[in-house]
Engineer: 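Before I ask anything, let me first share the structure, which is written out below as structure tokens.
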Amino acid sequence: MRAGPLTRRPIGTVAAAAVVALSLAGCSLFGDSDGDTGGGDGDAATGGSITVAATNFAHIDPQSITFGMWLVQMGLLEGLVLQTPDGTDVRPGVADEWEVSEDGTTYTFHLRDGIVWSNGEPLTADDFEWTYERLLDPERGASGVTTGASSYQVPLGILNAEDYNTGVITDFDQVGVEAVDEQTLEFTLDAPNPGFLMGLTYPSMLPLNPEAVEGEADWQQPENWVGNGPYNLAAWTANSSMRFERNPEYWDAENVALDEINVQLVEQGAITTTVPYENGEVDIQAIGEPAEISRFLADPVLSEQMHVLENAGTAYMIPLHSTNPVMEDPRVRTALSLGLGRQEIAGISEMTEPASTLLSPIVPGWTEEIAAHEQMWGEAAVAEAQELLADAGYPGGEGFPPLTLLAGSDFPQLDAIIDTWGTNLGIEVTKDVVEVGVYVERRYAMHDENYVGLWYGSFSGISTWPYQVEQLWSPDMLRQAGLDAAGYQQFVDAQVDETLSPGDRTAALEEILATSTTDEAQEFAELVAATRETVDEAEQQEIFIEAASVREDAELIIPVTWSHVVFVAQPRVQGLEIRAQADRYYFKDLWVDDSAQ
Amino acid sequence: MAFISLWVVALLVLVAIFAPLVAPYGTQETDYGHQLAPIGSPGHLLGTDTLGRDILSRLVFGFRTALLVAFAAEVISVLVALVVGLLAGYRGGRADGILMAATDIMYAFPTYLFAVLLVTVFGRSFWSVMAAIAVAGWVTQARLIRAQVMTLKRRDYVEAARSMDAQGPTIAMRYILPNALGPLLVTTSFAVPAAITTEAGLSLLGLGISDMPSWGAMINEGVRYASSAPHMIISPAIAFAVTLLAFTWIGDGIRDAFDITSEARR
Amino acid sequence: MIVGYLEYVARRLVRMVLSLVVVSALAFTLLQLAPGSFADIQRANSGSTGMAGAGAQEVAGEFATRYGDEVPAWQQYLVFMKGALTWDLGPSYKYPAQSVESIIAQGFPVSAALALLATTLALAIAIPIGVFAALKQRTLWDSGSMFVLTLGHALPNYLTAVFLVLVFAGAWHVLPAAGWNGPENLVLPVVALAIGPLAVLARYVRSSMLDTLGEEYVTAAIAKGGRPGVVIRKHVLRNSLIPLVTVTGPMLAALMTGTVFIETMFRIPGLGLSFTQAASSRDMPLLMGTTLFFAIILMATNLVVDLLYGLLDPRVRAESGRKLRGPRISRRDIPGADPDQGGRSGVPSLG
Amino acid sequence: MSRSTSPVTIDPQAPLLEVSGLRTGFRRADGGQFVAVDDVTFRLEQGQALAIVGESGSGKSVTIRSLLRLLPRTASILGGEARLAGIDLIGASDRTLRRVRGREVGMVFQNAMEALNPTIPVGRQLAEALTWHGLCSRGEARARAITTLGDVGIPEPERRARMYPFQLSGGMRQRAMIAMAIIAEPRLVVADEPTTALDVTVQAQVLDLLAEIKDRGTGLIMVTHDLGVARRFCDDVLVMNQGKVVESGRIDAVLDSPREPYTRMLLEATLEVGDVAATPPEAVEAPVREPLLVAERLDKTFRSRGGQTHAVRDVSLAIRPGRTLGLVGESGSGKSTVARLVMGLHEPDSGRVLLDGQDVHGEESRLQRRRMQMVFQNPYGSLLPHYTAGANITESLRLQEIGTTGERTERAAELLRLVGLSPDDARRYPQQFSGGQQQRIAIARALAPEPDVLVCDEPTSALDVSIQAQILDLLGEIQERLGVAYLLISHNLAVVERMSDEVAVMKDGAIVERGERRAIFGDPQHPYTHQLLDAILPVRGSRMPRAAIA
């Protein structure tokens with residue numbers, strides 16, 4: 001038996017261990033970020049750093065939809081063209097000039113002389129072609145607007161791109177992208193597309209470095225990063241933070257002001273407050289909580305720091321598929337739409353407005369006329385709703401089968417919807433807030449009861465007519481929503497039918513959608529297709545407006561509210577102009593002025 | 001302290017039972033004109049939330065839910081724990097081996113996974129949240145009972161009973177159980193606030209009860225609004241703290257009471 | 001005796017491995033039962049307009065090559081366990097470019113540092129308070145400090161954290177509210193994590209001290225003519241603090257395996273965050289990997305505590321050959337030690 | 001070794017210890033004061049030994065602890081004076097008192113296992129007593145600790161000094177405890193029941209050691225409930241009862257011709273081996289009948305993780321109807337295991353127990369088992385705390401569904417009367433009775449199913465002598481009236497001698513000697529039995545030593 005030194009002072013040992021462990025971990029515990037600012041010694045407009053808050057993401061591949069792709073576009077990679085700060089037009093990026101053919105279907109881009117990647121290697125048109133081949137690779141999944149889907153935007157209309165992506169054709173040479181020479185890239189479209197240049201500013205069209213991406217090492221890690229944007233990825237602590245440092249190889253490096261961008265990664269759905277912002281830890285942050293917005297608005301100093309982008313998002317509802325046919329009755333759907341207390345729901349936040357259409361007024365040329373009804377809310381609307389409901393056999397909501405409102409997370413708007421439906425229509429609605437795994441199953445399941453799902457989208461895509469009508473609430477989506485129970489069953493069966501080839505399946509699904517959906521939905525799909533027929537921009541917009549109007553009339557997707565997007569930025573941040581579209585702003589346009597108050 | 005706590009808990013339980021009489025409004029009663037009213041607003045003693053619902057009323061009904069969940073979960077976990085603990089402690093041998101193995105496993109198993117599963121499969125309902133809490137709690141209770149039984153079964157009066165030809169189940173139920181109840185009462189009184197906390201924690205992770213007013217949801221919402229509408233977090237937090245403290249002190253009190261009697265017996 | 005000791009450790013290790021197999025199998029089964037798959041959830045997370053089959057694609061292509069497509073679950077489990085044995089768990093679904101083991105290797109030091117600091121802080125404060133309260137038993141000092149501690153303990157750590165942030169970052173602007181950039185980021189989370197354990201430990205120290213003070217050998221030491229300070233230091237403190245190992249160990253383990261709320265709230269890239277994310281996104285490899293890793297940490301801590309207890313208490317050490325059995329205390333036996341429950345648990349402090 | 005100069009002022013002319021009018025009280029929960037020591041006065045000279053005797057609760061321990069102010073928080077000294085070689089102990093400052101403690105007065109505690117710190121090696125604990133008083137350096141202290149351990153008769157003191165208390169045997173621990181008390185060569189050693197927790201054979205060794213210390217000129221105060229121990233070593237005696245000194249004087253004088261009734265009662269209640277032999281044999285020997293209970297070649301080994309204890313080896317017993325078999329042995333000899341095997345509470349590994357020729361452990365044993373009942377050592381622990389006395393007594397009847405509720409209540413009343421309690425006591429709970437009364441209830445309970453055999457496991461060892469006598473009388477009466485056979489298990493030879501017809505001596509799980517009571521006590525054959533009997537300390541000086549009887 002030995003009474004060794006180990007028997008003494010257990011607590012001291014633990015404490016010492018903690019200190020040792022920490023000092024060992026010290027160097028790597030916080031990542032390698034040094035936190036302090038480079039500080040340019042020139043004029044006030046260069047140097048310095050800012051910290052922005054962003055929603056967390058797992059990867060930054062711009063070809064796969066994640067929150068990461070927005071950040072890539074803001075400063076790590078640069079496309080052929082950039083949007084102007086106000087978002088109304090494009091300015092030169094990698095390409096310093098371009099030509100459009102007479103018929104509007106061929107775009108030729110000329111890359112800048114001597115443009116290079118951050119590793120000093122030349123950036124060529126072949127790199128772009130390689131990038132787009134990767135983007136459209138059917139193995140990587142079909143395009144869409146949802147996380148994980150390919151970020152390719154179908155309305156861009158590149159010749160054969162959609163067919164290649166869905167596996168209908170397999171030869172990439174048939175796709176309308178071609179590197180004519182090292183500095184020349186040519187796009188061929190299947191129809192004229194006035195939104196094409198703007199569409200090129202979308203993250204999916206950013207170039208990737210083939211060697212880095214195909215290399216063994218993970219190209220998304222700082223040590224392997226090769227980009228062409230004003231900034232390079234210098235550090236990334238997963239789930240916590242990122243740091244960008246200026247890219248000296250960037251073609252316009254001398255006009256880039258900030259030395260460093262720090263990104264705080266905030267968990268999606270995590271509780272976020274403005275405390276870090278008000279504590280000076282964050283320079284730019286989006287805020288959404290109604291109470292915070294009200295407080296900022298009421299504060300004379302803070303209200304000055306708000307940047308508001310009106311009506312940038314839409315909350316909407318879709319009836320889910322059910323064996324109970326009550327929602328197939330258009331009168332019921334209309335009643336539910338008109339019976340919504342949109343004003344009350346919008347009243348929860350000062351940054352929300354009642355929505356009369358899915359499309360928000362942000363889209364140039366938007367008109368009140370596309371709304372399904374003249375009065376989407378108010379007494380008259382409610383009265384009409386009550387009448388329609390009575391017509392359908394449920395006077396005062398009596399006998400209306402139980403309705404469930406599905407959502408993936410809980411927020412006050414849900415309660416307000418249930419509350420106003422109850423008050424206005426006398427129907428009983430249950431809230432079904434489920435964990436995300438259940439949510440996805442319920443979303444596509446065939447229910448026995450009546451289900452309505454609520455979504456909120458803050459569309460940082462492109463607010464052009466093609467995008468808003470063809471990409472968001474697309475023809476296929478509307479036609480699917482319009483399927484009755486039997487039709488939906490057929491549709492689901494066809495989707496999982498292993499015996500069908502990709503082409504056959506596409507055809508079979510199209511057949512079901514075209515024949516089993518509602519007339520309005522089919523009409524909408526046909527109108528959208530018709531936009532490809534014309535080369536006249538104005539004429540095309542007319543058809544889009546008509547299509548949008550038909551989509552509203554179908555009342556398969558019910559608009560609820562439009563919401564503003566609100567950013568707050570410290571007074572020192574200069575050059576911040578929030579755009580409606582895509583990524584809101586570029587880091588290269590920002591600078592700091594610490595004297596600004 | 002324990003005495004005051006007892007009164008506080010009694011009062012709280014009464015409030016929970018008579019919630020509809022106590023609460024000035026219904027839990028879903030909205031007042032779109034008076035959203036986010038601060039504490040002390042006329043008609044809304046503790047203010048209102050984002051929909052203009054009365055916070056006091058929601059607290060009262062939420063407490064009802066919390067108590068219900070906590071008690072139901074405790075009843076279940078105590079019942080399971082009693083059976084397992086008695087069996088393992090009294091029979092020993094294989095039953096004990098199995099319990100101890102289960103303990104090892106439960107100890108190393110993230111409760112969160114169970115909660116996710118229960119709540120995902122059965123929805124964010126009262127029952128699944130309650131079951132999740134019960135699953136998390138029974139092992140501790142069972143082990144406690146086991147330890148208690150192991151001590152008690154070596155007592156002379158158990159030997160005496162055996163010498164009077166009492167059979168295993170009789171001994172377990174008549175002699176061991178009544179004397180194991182004291183410590184069990186102590187743990188239960190500590191477990192109730194723990195269950196309330198767990199419910200709130202699950203809610204914070206998006207796994208709480210969604211179809212009934214719950215403190216967890218209120219705290220979750222309150223935290224969200226903490227800097228701009230502090231009244232939404234202050235009242236729930238205070239209510240939370242008072243309840244938890246009261247139960248903790250009752251537990252302390254019961255434990256002290258048992259300590260005193262055991263001292264007197266010595 | 002050494003042989004007996006080794007035999008004991010070996011037996012414990014075998015039991016640990018068996019438990020780990022059961023834990024992993026159980027976790028795997030539960031995961032199979034849970035609704036929704038990784039791919040489904042990725043689609044749904046966008047909160048946008050995707051519809052059924054609008055291109056649901058296997059995101060984690062590497063998964064198929066690793067586990068095989070459409071293979072029965074039990075085979076997937078075997079593949080997983082084979083990987084676990086060689087510490088090669090393959091890529092995560094959510095972070096396809098990263099292997100599960102590298103995610104754990106990144107997150108664990110962070111969680112561990114936080115846990116060590118919080119535990120050290122808790123001990124550093126709890127021991128003096130507990131000792132003091134015990135020595136001043138039944139005075140205002142005693143009841144006062146215990147009152148304050150219970151109060152601190154009554155609030156779950158997420159609420160404490162919110163108030164700490166509101167005060168120190170929101171109102172006084174002296175500490176950062178969130179982030180992970182330097183030591184100043186440690187202060188609030190460590191304090192928030194330490195308060196619950198602190199209360200538990202202080203109460204434990206107090207009652208342990210009171211027990212020891214009542215021991216005859218303390219009277220004997222006084223009868224030998226020891227000064228109060230010496231007697232307390234040499235006879236009371238040591239014996240009162242040895243059992244603390246059994247409480248502190250599991251507490252530390254529980255904190256090390258991640259504290260979801262605190263990590264989320266302060267944006268700390270620890271393991272707890274990875275774990276909950278993996279669970280909610282059904283990131284099977286990561287979830288299984290972290291579950292197994294947690295189980296190992298927890299069980300290993302239990303073993304270490306038992307062995308350490310043996311080292312510290314010669315009575316237990318002497319029995320090691322036959323039945324070295326440190327008091328079996330699980331993290332769930334200790335209020336405040338279970339982060340899953342936001343800092344409370346179902347059992348009274350062990351006083 | 002020469003004494004270093006004392007840090008406190010010693011008056012060599014003054015008596016070693018002078019105590020007068022000492023009063024110590026405890027604060028009661030209700031705020032009142034309970035006086036545990038009331039007006040105690042005595043005087044002790046150098047080289048003398050004083051015994052303080054009395055039953056539990058008499059205040060004897062509190063008296064000596066008051067001298068060093070080693071009292072619990074709730075106690076306080078209310079008055080009186082105590083001077084140690086002229087030093088005022090009661091009024092002394094804490095600092096002075098610390099210099100007295102350990103340095104001038106060494107204390108020996110009852111249970112060394114509890115009084116030695118379990119996590120510090122014994123040698124270090126001894127050395128502390130020197131270093132704390134600054135008597136020598138650490139190194140010297142360590143050396144002296146080893147020497148002192150050797151002095152108290154611990155073999156291999158160097159090795160033992162490094163051991164922890166639990167690694168030493170009970171006897172060695174007690175020696176180490178004594179070594180700790182004397183290492184600083186105090187003027188006075190105070191011993192609080194120093195041998196109560198020990199077996200008789202070990203007790204003898206420890207007492208020899210204390211005698212040696214006394215012979216060196218150290219004053220000795222010994223608190224004990226054992227008059228034999230007191231008589232063997234002390235010059236003077238203080239008899240205490242309920243906090244007061246009842247009688248004091250030279251020990252021979254007090255014990256041989258007690259003046260006070262309490263002392264007389266105490267002496268009369270004290271059983272001694274030889275008491276029975278001295279009385280004439282019973283006039284009529286009962287006819288020898290066939291054994292009622294037979295245990296054949298019982299063997300039992302307990303296995304625990306990694307170890308096993310062979311508790312009972314090849315033990316055979318036979319008890320005749322209406323007679324008593326005494327089973328005697330030291331702690332750990334396996335006698336309680338035998339009782340439990342006989343009762344069927346443990347299954348034997350081999351061997352069998354037959355009651356009237358029927359196997360107690362068999363399938364059909366339930367009826368048989370009811371014919372045997374048991375009385376335990378600790379009466380409170382064996383009674384159900386949440387049952388009333390009446391319910392406790394009739395529990396076995398209720399379990400067997402014997403009789404109606406009314407009949408059972410009737411039976412409880414009858415049994416309570418039988419054991420000397422009032423039928424009204426049936427409604428009270430066990431904790432409301434004294435220890436002796438609780439044992440009576442336990443006996444009543446055992447008698448309820450009208451057993452043929454009563455197994456009594458140390459039925460009186462938790463009780464004071466005066467109560468022990470009453471309980472033994474009660475058991476004797478019951479046997480006479482009901483003809484119950486007893487298996488009496490005790491470590492106390494006097495009790496066994498008093499009660500038994502036949503005696504079996506156990507050592508290390510086996511019976512080493514058995515026979516008629518008179519044969520065992522009068523003419524023991526086995527050396528171990530000799531050893532046991534030799535270790536007995538006579539109380540009454542007039543009684544002839546045992547050897548003379550033989």
Side-chain angles (χ1 to χ4, degrees), chain A residues 267-279 287-299 302 341 343-350 352 404-420 422-423 429-442, chain B residues 25-38 47-53 58 112-113 115-125 128-129 132 201-214 216-233:
Chain A
E267 203 47 45
Q268 189 183 9
I271 292 158
T272 49
T273 66
T274 54
V275 175
Y277 175 79
E278 289 173 78
N279 197 24
I287 60 173
E289 297 297 353
E292 311 250 59
I293 288 170
S294 303
R295 181 165 61 88
F296 271 63
L297 283 173
D299 185 306
L302 292 175
Q343 280 171 303
E344 287 89 344
I345 300 163
I348 292 169
S349 168
E350 293 184 53
T352 318
T404 311
L405 182 61
L406 179 73
S409 61
D410 209 348
F411 37 97
Q413 279 81 356
L414 289 175
D415 293 316
I417 290 170
I418 292 170
D419 185 58
T420 57
T423 316
V429 186
T430 320
K431 185 164 67 167
D432 190 21
V433 179
V434 293
E435 198 258 358
V436 60
V438 188
Y439 175 79
V440 297
E441 288 209 341
R442 295 226 171 128
Chain B
Y25 302 90
T27 52
Q28 296 300 337
E29 220 170 294
T30 48
D31 182 352
Y32 291 107
H34 296 96
Q35 287 156 346
L36 293 175
T48 60
D49 70 1
T50 46
L51 291 181
R53 293 176 298 197
R58 289 179 72 75
Y112 179 70
L113 264 193
V116 168
L117 187 80
L118 280 166
V119 174
T120 50
V121 174
F122 301 105
R124 291 174 53 170
S125 70
S128 41
V129 169
L202 285 174
S203 183
L204 231 60
L205 291 171
L207 297 171
I209 300 173
S210 77
D211 53 359
M212 289 164 93
S214 107
M218 291 187 77
I219 282 176
N220 195 354
E221 214 176 9
V223 169
R224 215 171 263 282
Y225 289 80
S227 53
S228 292
H231 72 277
M232 283 183 65
I233 184 76

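On a predicted model such as this, the values are computed, not experimentally measured, just so you know. In the text below, chain A, chain B and the rest are named by the order of the sequence lines, each starting its count at 1.
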Engineer: Rounded to the nearest 0.5 Å, what separates atom CD in A:Glu278 from atom OG in B:Ser227?
Structural biologist: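 Nearest 0.5 Å value for the CD-OG distance: 6.0 Å.
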Engineer: For the residue pair B:Leu51 and A:Ile348, what are the closest heavy atoms and their distance?
Structural biologist: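 Residues B:Leu51 and A:Ile348, closest heavy atoms: CD2-CD1, 3.2 Å.
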Engineer: If I compare all heavy atoms of A:Glu292 with all of B:Ser228, which pair ends up nearest, and what's the gap?
Structural biologist: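 Nearest pair, atom of A:Glu292 first, then B:Ser228: OE1-OG, 2.6 Å.
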Engineer: Select one option (side chain, backbone, both, neither) describing which atoms of B:Glu29 are under 4.5 Å from chain A's heavy atoms.
Structural biologist: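 No part of B:Glu29 comes within 4.5 Å of chain A.
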Engineer: Measuring only between side-chain heavy atoms, which start at C-beta, is A:Glu344 closer than 4.5 Å to B:Thr30?
Structural biologist: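 A side-chain contact under 4.5 Å is absent here.
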Engineer: Out of A:Thr423, A:Ile293, A:Asp415, A:Ile418, return the one with the most heavy atom pairs under 4.5 angstrom to chain B.
Structural biologist: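 Most heavy-atom pairs within the cutoff with chain B belong to A:Asp415.
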Engineer: Show the nearest heavy-atom pair for residues B:Leu36 and A:Ala291, with the distance to one decimal.
Structural biologist: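 Of all heavy-atom pairs spanning B:Leu36 and A:Ala291, the closest is CD1-CB, 3.6 Å.
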